[in-house]
Amino acid sequence: MTKNKKYRVPTILSIAGFEGSGGAGIQADTKTISALGCYAMNVLTALPVQNTQGVRRIYEIPTSAVQDQLDAIFEDIYPDAIKIGMVHNIELVELISNYLSTYKGPIVFDPVMVSTSGHKLIHEDTIQACVTRLFPLATLITPNLDETSVLVDEPIHTVQKMEKAGNSLLAAGCQSVLIKGGHLQSEELTSLLFQQQKPPIEFKSQKINSKNTHGSGCSLSSAIASQLAQGVALDRAVDIALSYIHAAILGSKNLRIGKGNGPLNHFHNPLKLMQYELD
């Protein structure tokens, strides 16, 4: 009698904050990872109360609860890749960095500091802790222009300044950096990938005239992690992920969800869950 075959799937853990209206945070991460044919898991770091119009309040999650969540996941399903999003206090930075110090796999860190609606989401004294503790662990960090400006303490609004900032972040100890150019004031958008000992790589796309971009940063970092979990090279993973986000924004252009900055259409072209036969 032939036994039923067993399969494994690419697993991605999102360590991030909640977003009740479904457009960003762990909700966007789960949608993105699922749409790209991978299996999503979550560890909740904070409970922001928000909708498409902005953040109203952020409720703290006890550090012990985050520890328990990490233990529960790692004891059962070892992630093929990890995406880190909202980490808004020093205690969480220390916990997560200590926990992941022996992790064997790619980590994508989206240093969430400012929401799409302009609300600051991170404590001032946490930024340096992220730089010193989490940045060196991350395979890739993915700041947007506002977040890059905070990190290098200088307004970043041109491609030339993006180049300077990317090199500064590499010199500060980052393994690789993707500076996202979605906020550039131009019809052609440029994102730049910086890697140690390699020249920057440009990724260009046409700007889409839409306010439905809420959660695009969360979704992009999760899309990159989904590719890395499958063994895709970093530059190719970034390229695939940026194309996915562009199509997801285009797919939501004519949608009306909420009164503010609406979400992406994560499931514009969903893939089936990928399955790899076990030996």
If you define the side chain from C-beta out and look only at heavy atoms, does anything of Val66 sit under 4.5 Å from Tyr99?
no
Check Asp110, Asp29, Thr142, Thr32 against Lys83 for a side chain to side chain donor-acceptor pair (under 3.5 Å) and give me the one that passes.
Asp29
For Asn144, is there any backbone N or O sitting under 3.5 Å from a side-chain donor or acceptor partner on Glu147?
yes
With clusters defined by side-chain heavy atoms of hydrophobic residues (ILVMFWY) lying less than 4.5 Å apart, directly or transitively, does Val93 cluster with Leu140?
no
Working for salt bridge (charged side-chain N to carboxylate O under 4.0 Å, His left out), residues Lys161 and Glu154:
CA-CA 9 Å; Lys161 290 201 169 188; Glu154 178 185 350; 3.6 Å; yes
Run Tyr103 and Tyr78 through ring-ring contact (aromatic ring centres under 6.0 Å, His included) and show every step you take.
CA-CA 9 Å; Tyr103 171 68; Tyr78 196 85; 5.5 Å; yes
Cluster check Leu95, Met41: I/L/V/M/F/W/Y, side chain < 4.5 angstrom
yes
Determine whether Val108 and Ile84 satisfy the following criterion, side chain to side chain contact (heavy atoms under 4.5 Å, CB included), listing intermediate values before the conclusion.
CA-CA 6 Å; Val108 180; Ile84 304 174; over 6 Å; no
4.5 Å side-chain heavy-atom contact, Val49 and Ile58
no
If you round to the nearest 0.5 Å, how far is CG of Leu178 from CG of Leu169?
11.5 Å
Should we count CG of Asp125 as having more than 12 external heavy atoms under 6.0 Å?
yes
Of all heavy-atom pairs between Cys218 and Ala28, which one has the smallest distance, and what is that distance?
CB-CB, 4.3 Å
Can you tell me how far apart CD1 (Ile77) and CD1 (Ile12) are? Round to the nearest 0.5 Å.
11.5 Å
Taking atom OH of Tyr276 as the centre, does the number of heavy atoms from other residues, nucleotides or ligands within less than 6.0 Å exceed 12?
yes
As a quick check of understanding, evaluate side chain to side chain contact (heavy atoms under 4.5 Å, CB included) for Asn98 and Arg133, giving each step before the final call.
CA-CA 9 Å; Asn98 288 336; Arg133 299 293 298 272; 2.7 Å; yes
Donor-acceptor under 3.5 Å (Thr63 side chain, Glu91 main chain)
no
Distance-minimising heavy-atom pair for Leu137 and Ser97:
CD1-O, 3.5 Å
Determine, using ring centers only, whether Phe135 and Phe109 are less than 6.0 Å apart.
yes
Check whether any side-chain heavy atom of Val131 sits under 4.5 Å from a side-chain heavy atom of Gln128, and report yes or no.
yes
Say whether, by atom type as modelled, one donor and one acceptor occur between the side chain of Glu19 and the main chain of Ser21 under 3.5 angstrom.
yes
Polar side-chain atom of Gln196 near backbone of Cys174 as donor-acceptor pair, under 3.5 Å:
yes
Using every non-hydrogen atom in the two residues, find where Val55 and Pro48 come nearest and quote the distance to one decimal.
CG1-CB, 4.5 Å
When you compare the side chain of Tyr7 with that of Leu278, does any pair of heavy atoms fall below 4.5 Å?
no
4.5 Å side-chain heavy-atom contact, Pro111 and Cys130
no
Can you list the steps and then say if Arg256 with Asn212 is a side chain to side chain donor-acceptor pair (under 3.5 Å)?
CA-CA 8 Å; Arg256 179 69 180 269; Asn212 292 339; over 6 Å; no
Can any side-chain N or O of Asp153 pair as donor or acceptor with the backbone N or O of Ser149 at less than 3.5 Å?
no
Going from CG on Leu184 to CD1 on Ile179, what distance comes out if it is rounded to the nearest 0.5 angstrom?
10.5 Å
Indicate if Val238 and Val159 have the same hydrophobic cluster label, given that clusters are the connected sets of ILVMFWY residues with side-chain heavy-atom separations under 4.5 angstrom.
no
Determine whether more than 12 heavy atoms belonging to other residues, nucleotides or ligands lie under 6.0 Å from atom NZ of Lys204.
yes
Can you check side chain to side chain contact (heavy atoms under 4.5 Å, CB included) on Lys253 and Ile249, steps first, answer last?
CA-CA 6 Å; Lys253 181 179 178 182; Ile249 294 174; over 6 Å; no
How long is the straight-line distance from OG of Ser101 back to CD1 of Ile96, given to the nearest 0.5 Å?
12.5 Å
Is there a donor-acceptor pair closer than 3.5 Å between any side-chain N or O of Glu202 and the backbone N or O of Ser191?
no
Below 4.0 angstrom, N of the basic side chain to O of the carboxylate: do Glu277 and Lys5 qualify?
yes
Side chain to side chain contact (heavy atoms under 4.5 Å, CB included) between Met162 and Thr148, intermediate numbers included:
CA-CA 8 Å; Met162 288 167 66; Thr148 303; over 6 Å; no
Distance col, row Asp239:CG vs Leu234:CG, nearest 0.5 angstrom, shows 11.0 Å
Tell me if a side-chain donor or acceptor on Thr45 pairs with a main-chain N or O of Ala16 at a distance below 3.5 Å.
yes
Side-chain donor/acceptor pairs under 3.5 Å, residues 264-275, sequence neighbours excluded:
unit_1, atom_1, unit_2, atom_2, d
Asn265, OD1, Phe267, N, 3.4
Asn265, OD1, His268, N, 3.4
Asn265, ND2, Gly251, O, 3.4
His266, NE2, Ser219, OG, 2.8
His268, ND1, Asn265, O, 3.1

Please lay out, stage by stage, how Tyr39 and Asp80 fare under the test side chain to side chain donor-acceptor pair (under 3.5 Å).
CA-CA 10 Å; Tyr39 184 78; Asp80 292 317; over 6 Å; no
Path from Leu220 to Leu228 over hydrophobic side-chain contacts below 4.5 Å:
yes
Where do Gln206 and His246 land on the side chain to side chain donor-acceptor pair (under 3.5 Å) test, with the steps shown first?
CA-CA 9 Å; Gln206 289 301 118; His246 184 83; over 6 Å; no
Can you name the nearest heavy-atom pair linking Pro10 to Ala229, along with the distance?
CB-CB, 4.4 Å
Run Lys180 and Asp146 through salt bridge (charged side-chain N to carboxylate O under 4.0 Å, His left out) and show every step you take.
CA-CA 10 Å; Lys180 300 171 294 190; Asp146 292 336; over 6 Å; no
State, to 0.1 Å, how close Ile90 and Ala129 come at their nearest heavy-atom pair, and which atoms those are.
CG1-CB, 4.1 Å
Least distance between heavy atoms, Thr52 atom then Gly262 atom:
CG2-CA, 4.4 Å
Intermediate values then yes/no, side chain to side chain donor-acceptor pair (under 3.5 Å), Gln69 and Asn42:
CA-CA 8 Å; Gln69 291 177 80; Asn42 303 133; over 6 Å; no
Is it true that a side-chain atom of Ser34 and a backbone atom of Lys31 form a donor plus acceptor pair closer than 3.5 Å?
no
Flag yes if Ile107 and Ile141 sit in one hydrophobic cluster, no otherwise; membership is Ile, Leu, Val, Met, Phe, Trp, Tyr, and two members link when side-chain heavy atoms are under 4.5 Å apart.
yes
Please indicate whether Phe203 has more than 12 foreign heavy atoms, meaning atoms of other residues, nucleotides or ligands, lying under 6.0 Å from its CZ.
yes
If you measure from CD on Gln50 to CZ on Arg57, what distance do you get to the nearest 0.5 Å?
14.5 Å
